[in-house]
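These values consider heavy atoms only, across backbone and side chains, with no hydrogens, waters or symmetry-generated copies. In this text the structure is predicted, and so the values were computed from the model without any measurement.
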Amino acid sequence: MQNILDIHTHHPAPQPDAVIALTPENFNPIPGQLYSVGIHPWDTLSPIPARTWELFEEAARHPQTVAIGECGIDLVKGGPLYIQMQTMKRQAELAENLGKPLILHNVHGQEIIIGMKKDIKPEVAWMVHGFRSKPTIATMLLDAGFWFSFNNKFNEKSLALIPLERLLAETDDEDCTIQEVITTLSSLRGQDLKEIIISNSATFLNSPNK
C-alpha cells in the first residue's frame, strides 16, 4: 500500500496519497487509487433502497476499497434517527466482517456512536473524521478507543489532547492541500507530523483495533 497522508477526501482522482470517499452510486475505481465507500447520514431521509445496498456491498468488497464510510450520525442534518442508526449499524457490521476500518461522520451523535461501538465490539479501527468538537467530547471518544482525523478546521484544545498514535489528517471537501493541513497540525503540536501520519494511516488501514 502506498504512503497515505490524506485519510479522507472528496477531491477527485487521482489522489495518490489519499483515500477518496465515494457513495455506492459513484464508485468507479481507477487503477492504483484507494477508496472508502459509505452511505452518509445525510442520505437517510428515507429508508435506503435495496439497490443502493447491493452497490454498497459490491463496492465495499472491492480490493481498492480500504475503508468503509463515511457513515455515522448527524442529529442536525440527517434523516430520522432510527434510519440513521440502522444504516450505520449495517455498514459497521460489514466493515467488521471485511476487516476494513470505519470512517465516521458525527454531529452531536457521539453517545449513540459510542453505544453502537460497545454493542458491536469491533476489532477494526473506528475513526471520527473532520473532528472539530470540544475537549470533553474528544475525551469521551478517546476513552472509547476512537481514532481522530483533522482537517483545516478544528478545536486547538481538542487537538492537544489526542495522542500522536491516534492522529490522522484529511482534506475532506475543504479548499486546501493535505500538506497545508499537516503543516498547521505540526506547528501546533511542535513537531513534524508527516512521517507519523503516514505510519498512523498504515496502522489504521491495516491493523484491527479495539
With sequence neighbours left out, the residues meeting side chain to side chain donor-acceptor pair (under 3.5 Å) with Thr44 are none

Set of residues satisfying side chain to side chain donor-acceptor pair (under 3.5 Å) with respect to Asp172, sequence neighbours excluded: His8, His10

Contact summary for Cys71 and Leu102, nearest pair of heavy atoms: SG-CD1, 3.6 Å

Contact summary for Tyr35 and Ala13, nearest pair of heavy atoms: OH-CB, 4.4 Å

Show your reasoning for whether side chain to side chain contact (heavy atoms under 4.5 Å, CB included) applies to Thr184 and Val181. CA-CA 5 Å; Thr184 299; Val181 173; 5.9 Å; no

State whether the number of non-hydrogen atoms from other residues, nucleotides or ligands found under 6.0 Å of His108 atom NE2 is greater than 12. no

Should we say atom CG of Asp119 is surrounded by more than 12 heavy atoms from elsewhere, each under 6.0 Å from it? yes

Please list all pairs meeting side-chain hydrogen bond (donor to acceptor under 3.5 Å, both in side chains) that have one or both residues in residues 135-144, counting only residues at least two apart or in different chains. none

After noting the C-alpha distance and the side-chain angles of Phe154 and Leu188, does the key distance pass the side chain to side chain contact (heavy atoms under 4.5 Å, CB included) rule? CA-CA 12 Å; Phe154 55 85; Leu188 291 169; 3.5 Å; yes

Listed partners of Trp42 passing ring-ring contact (aromatic ring centres under 6.0 Å, His included), at least two apart: His40, His105

Do Glu170 and Val19 have side-chain heavy atoms sitting under 4.5 Å apart? no

Enumerate, atom names and distances included, each donor-acceptor pair closer than 3.5 Å involving a side-chain atom of residues 193-200, sequence neighbours excluded.
residue	atom	partner	partner atom	Å
Asn200	ND2	Leu164	O	2.6
Asn200	ND2	Leu167	O	2.9

Looking only at side-chain N and O atoms, does Thr9 offer a donor or acceptor that is under 3.5 Å from a partner on Gln15? no

Any luck finding a side-chain donor-acceptor pair between Thr52 and Glu25 under 3.5 Å? yes

Can you list the steps and then say if Glu93 with Arg90 is a salt bridge (charged side-chain N to carboxylate O under 4.0 Å, His left out)? CA-CA 5 Å; Glu93 289 175 342; Arg90 184 163 173 177; over 6 Å; no

Hey, could you give me each pair passing ring-ring contact (aromatic ring centres under 6.0 Å, His included) that has a residue in residues 171-203? Not counting sequence neighbours. none

